[in-house]
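Fair warning: this is a prediction, and the values are worked out from it, not measured in the lab. Letters A, B, ... are given to chains in the order of the sequence lines, protein chains preceding strands, and every chain is numbered from 1.
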2 protein chains.
Amino acid sequence: MLAEDAPAPPDWGNPPAVRVAVVATGTIGRSWIVAFARAGCRVAAWDPNGNCLADAVAWARAQLPRAAADRVIPCERLAACAAGADYLQENGPERLDAKQAIYRALTEVAAPRALLASSTSTLDITDISALVSTEDQARCVVAHPVNPPHVVPVVELLGGRGTSAATVEAAARFLTAVGQRPVRLTRYVPGFLLNRLQAALVREAVHLVATGVARVDDVDAVISDGLGLRWALMGPFGVANTNADGGAREYFTRYGSSFQRLWSDLANDVRLTPDLIERIGREVDAMYPAVSRERLRAWRDEMVTALRQTRTPADP
Amino acid sequence: MLAEDAPAPPDWGNPPAVRVAVVATGTIGRSWIVAFARAGCRVAAWDPNGNCLADAVAWARAQLPRAAADRVIPCERLAACAAGADYLQENGPERLDAKQAIYRALTEVAAPRALLASSTSTLDITDISALVSTEDQARCVVAHPVNPPHVVPVVELLGGRGTSAATVEAAARFLTAVGQRPVRLTRYVPGFLLNRLQAALVREAVHLVATGVARVDDVDAVISDGLGLRWALMGPFGVANTNADGGAREYFTRYGSSFQRLWSDLANDVRLTPDLIERIGREVDAMYPAVSRERLRAWRDEMVTALRQTRTPADP
């Protein structure tokens with residue numbers, strides 16, 4: 001039973017009511033700062049490397065309007081960063097021992113009711129939280145973003161064996177309120193959803209290049225001037241639904257045997273050899289002969305934002 | 001050697017100089033009419049079913065400004081449609097015997113230099129053209145569009161054993177000139193590029209739903225609010241290039257072993273059972289509770305056009 005003077009939980013659907021701590025401020029962490037502060041949260045930030053923290057805070061503030069920039073607070077110590085935070089987003093190194101150490105430290109300094117969310121892309125939160133108490137495990141959750149989260153909204157949410165349903169619900173509510181799109185996994189699978197789906201496409205793309213069926217630029221164009229134009233609007237199930245008069249049921253029934261045949265012909269055994277990687281590298285360079293990688297990356301993020309602004313709902 | 005009075009080949013890079021015949025005017029054929037007439041071509045159209053032809057021509061003209069609509073000419077007979085055409089786009093039924101019969105008929109009525117392009121999505125042009133002369137085989141080529149081609153630019157181009165390199169070159173030049181994005185395959189593979197890449201993604205998406213890891217709407221959101229936002233700009237190789245400071249070489253070198261591990265964990269054995277299809281159907285219906293499939297399809301095409309207009313090149 002909670003003590004009578006325990007603080008009430010924050011209103012997760014109201015970002016200004018939620019105090020956030022961003023723990024470790026590399027590429028992902030600094031983008032999280034922007035996403036949270038933009039939505040109205042007070043964001044305390046900490047990194048074990050003081051220069052990294054200073055760079056991250058300067059960069060994040062430069063992305064934000066003045067009022068939001070003022071909500072970003074760099075902290076010299078983890079304890080100060082965590083103090084009073086309702087939601088902590090951890091972005092430490094992607095090694096189990098490092099994550100376990102961070103989670104032990106977080107449970108010592110965070111307020112007892114605070115949520116402890118990890119940006120891990122590969123680890124199981126059951127393992128990450130293995131060294132903390134059962135009570136603390138209940139508030140640990142994976143919130144894996146796409147890089148950078150202030151541009152791409154999807155966040156993969158999943159609990160571990162000890163995570164409470166209320167923790168996952170609260171994290172989903174909060175992330176939705178700050179403008180992200182949380183998606184739920186019922187259990188841990190390697191690569192979660194996003195990296196599995198990406199890996200499936202990449203495997204066949206690499207196979208088609210490796211076997212000489214097509215060049216890198218032509219395989220890429222099939223996506224960017226073909227399938228990708230729809231996938232910016234709908235996933236594979238939504239696309240199936242619009243590809244038959246009777247919707248997804250008719251589509252998968254009518255083309256079921258075609259899919260089964262094609263699936264049995266797709267590449268399962270693809271090897272990324274150094275020669276193949278070098279060939280891919282050369283053909284990628286030839287696709288973008290006159291533009292730096294830095295510019296390409298900035299263009300990608302500007303364009304993703306523009307595409308999101310262009311999209312209107314199907315049912316206005 | 002050509003007779004001295006043989007007509008000069010058209011300037012494939014100048015659509016108004018190219019006279020097109022669209023042979024069979026179902027969903028794909030009528031969209032091709034719009035793509036060609038919009039670009040300035042005179043487009044003769046024929047279908048064995050007179051009502052289908054009339055509907056297609058009326059629909060196509062309604063999509064086009066007046067001057068372009070006037071360039072669309074319905075023909076009662078195949079011979080009249082083909083007469084004088086430089087480029088024929090065939091969109092008949094997807095059965096080998098039907099295609100072979102159409103190609104025999106086309107070679108009898110088409111001008112000797114005309115290109116004979118097929119919209120087939122599954123058949124090998126070597127087989128389709130097996131019953132025509134070696135000379136005629138040289139001018140047969142697959143030009144497989146995405147539905148609808150006047151909205152989505154990618155066209156998969158590939159020759160058969162008898163196709164001349166000049167035919168593939170001319171088709172690529174012409175399709176580029178009318179605003180499509182031709183991609184080349186060096187040889188026939190089932191599903192070409194597009195349906196293979198789509199099938200690879202769909203297989204893993206179906207697997208994640210079938211095994212209860214995530215719901216249909218969450219898997220779809222990983223694409224539409226995640227990976228798809230980039231894939232509307234770049235294919236998997238272009239994305240890899242922006243995901244590491246050292247570009248695609250560094251990306252595939254650094255994450256090579258992660259990919260290999262993930263590839264070995266992806267689903268290879270997925271079965272589209274009636275129960276699974278019904279579950280997918282129900283979850284798709286729940287994603288779009290308040291909008292008709294007809295409206296969804298119109299929205300999809302409007303949005304694809306809007307996204308294409310929003311995109312600007314990385315190197316302006």
Between B:D217 and A:R184, does any side-chain N to carboxylate O distance fall below 4.0 Å? no
Checking B:D245 against chain A: side chain, backbone, both or neither under 4.5 Å from a heavy atom? both
Answer with yes or no whether the side chains of B:R300 and A:N243 bring together a donor and an acceptor at under 3.5 Å. yes
Under a 4.5 Å cut-off applied to non-hydrogen side-chain atoms, are B:V239 and A:V202 in contact? no
Can you tell which part of A:V189 gets under 4.5 Å to a heavy atom of chain B, answering side chain, backbone, both or neither? side chain
Engaged part of A:V304 at the chain B interface, taking heavy atoms whose separation is under 4.5 Å: both
Closest-packed option against chain B by number of heavy-atom pairs under 4.5 Å, given A:Q309, A:E283, A:Q180, A:R271: A:R271
If you count heavy-atom pairs under 4.5 Å with chain A, which of B:P145, B:G191, B:A221 comes out on top? B:A221
For the student: nearest non-hydrogen atoms of A:L307 and B:L229, plus distance: CD1-O, 3.7 Å
Quick one: which of B:D301, B:V270, B:N195, B:V219 has the most heavy-atom pairs under 4.5 Å with chain A, could you say? B:V270
If one checks every heavy atom of B:S258 against chain A at 4.5 Å, the contacting part turns out to be neither
Can you tell me which portion of A:Y288 sits under 4.5 Å from chain B's heavy atoms? Options are side chain, backbone, both or neither. side chain
Given that the side chain runs from C-beta out, which part of A:P182 has a heavy atom under 4.5 Å from chain B: side chain, backbone, both or neither? backbone
Can you tell which part of A:W299 gets under 4.5 Å to a heavy atom of chain B, answering side chain, backbone, both or neither? side chain
Can you check side chain to side chain contact (heavy atoms under 4.5 Å, CB included) on A:T310 and B:R311, steps first, answer last? CA-CA 10 Å; A:T310 301; B:R311 296 192 302 190; over 6 Å; no
How long is the straight-line distance from OG of B:S224 back to CZ of A:R308, given to the nearest 0.5 Å? 10.5 Å
About how many Å separate CD of A:E250 and CZ of B:R293, when rounded to the nearest 0.5 Å? 8.5 Å
Applying a strict 4.5 Å limit to non-hydrogen atoms, the region of B:L208 in contact with chain A is side chain
Can you tell which part of A:M234 gets under 4.5 Å to a heavy atom of chain B, answering side chain, backbone, both or neither? both
Part of A:V155 within contact of chain B (heavy atom distance under 4.5 Å): neither
Which heavy atom of B:T242 sits nearest to which heavy atom of A:R297, and what is that distance? O-NE, 3.0 Å
Nearest atoms (heavy-atom pairs only) where A:N268 meets B:R203: OD1-NH2, 3.5 Å
Which bit of B:P149 comes within less than 4.5 Å of chain A, counting heavy atoms only: side chain, backbone, both or neither? neither
Applying a strict 4.5 Å limit to non-hydrogen atoms, the region of A:L194 in contact with chain B is both
Please state whether the side chain, the backbone, both or neither of A:Q260 comes within less than 4.5 Å of a heavy atom of chain B. side chain
Minimum-distance pair of heavy atoms, taken over all atoms of B:A199 and A:L266: C-CD1, 4.0 Å
State, to 0.1 Å, how close A:L296 and B:A314 come at their nearest heavy-atom pair, and which atoms those are. CD2-CB, 3.6 Å
Residue, of B:G246, B:G256, B:A306, that accumulates the most heavy atom pairs under 4.5 Å with chain A: B:G246
Relative to chain A, which segment of B:R261 carries a heavy atom at a distance below 4.5 Å: side chain, backbone, both, or neither? neither
Does atom CZ of A:R161 have more than 12 heavy-atom neighbours, drawn from other residues, nucleotides or ligands, at distances under 6.0 Å? no
So, B:D225 side chain and A:R181 main chain: donor-acceptor pair closer than 3.5 Å or not? no
Atom pair CG (B:L193) and CG (A:D218), whose distance is rounded to the nearest 0.5 Å: 7.5 Å
Heavy-atom pairs under 4.5 Å with chain B - which of A:I280, A:V146, A:V151 has more of them than the others? A:I280
Top contributor to chain B contacts, counting heavy-atom pairs under 4.5 Å, from A:L262, A:V291, A:T27: A:L262
Interface residue of largest heavy-atom contact number with chain B, from A:A298, A:A240, A:G247, under 4.5 Å: A:G247
Counting N and O atoms only, with roles assigned by atom type, does the side chain of A:R249 sit under 3.5 Å from a partner on the main chain of B:P274, one being a donor and the other an acceptor? no
Go through B:S292, B:S257, B:A290 and name the one with the most non-hydrogen pairs under 4.5 angstrom from chain A. B:A290
For chain B, which of A:A248, A:P236, A:G238 has the most heavy-atom pairs under 4.5 Å? A:P236
Residue, of B:V216, B:L158, B:V222, that accumulates the most heavy atom pairs under 4.5 Å with chain A: B:V222
Part of A:R295 within contact of chain B (heavy atom distance under 4.5 Å): side chain
Which atoms of A:Y251 come close to chain B, meaning under 4.5 Å heavy atom to heavy atom: side chain ones, backbone ones, both, or neither? side chain
Interchain contact, A:F237 with chain B, by part (heavy-atom threshold 4.5 Å): both
With distance as the sole test, does B:T186 use its side chain to make a donor-acceptor pair with the main-chain N or O of A:G212 at under 3.5 Å? yes
B:V152 portion near chain A, given a 4.5 angstrom heavy-atom threshold: both
Taking B:R196 for the side chain and A:D265 for the main chain, is one N or O donor matched with an acceptor at less than 3.5 Å? yes
Sort B:T312 into side chain, backbone, both or neither according to what part of it lies under 4.5 angstrom from a heavy atom of chain A. both
Chain A contact via B:I277 - which portion, at a heavy-atom distance below 4.5 Å: both
Rounded to the nearest 0.5 Å, how far apart are CD of B:E204 and CH2 of A:W263? 10.5 Å
Selection from B:A205, B:A267, B:S264 maximising heavy-atom pairs under 4.5 Å formed with chain A: B:A205
So for A:P313, is it side chain, backbone, both, or neither that comes closer than 4.5 Å to the heavy atoms of chain B? backbone
Greatest number of non-hydrogen atom pairs under 4.5 angstrom with chain B, of A:L185, A:T122, A:L201, falls to A:L201
Side chain, backbone, both or neither: which part of A:T211 has a heavy atom under 4.5 Å from chain B? both
Heavy-atom nearest pair, B:A232 first then A:G228, reads CB-O, 3.6 Å
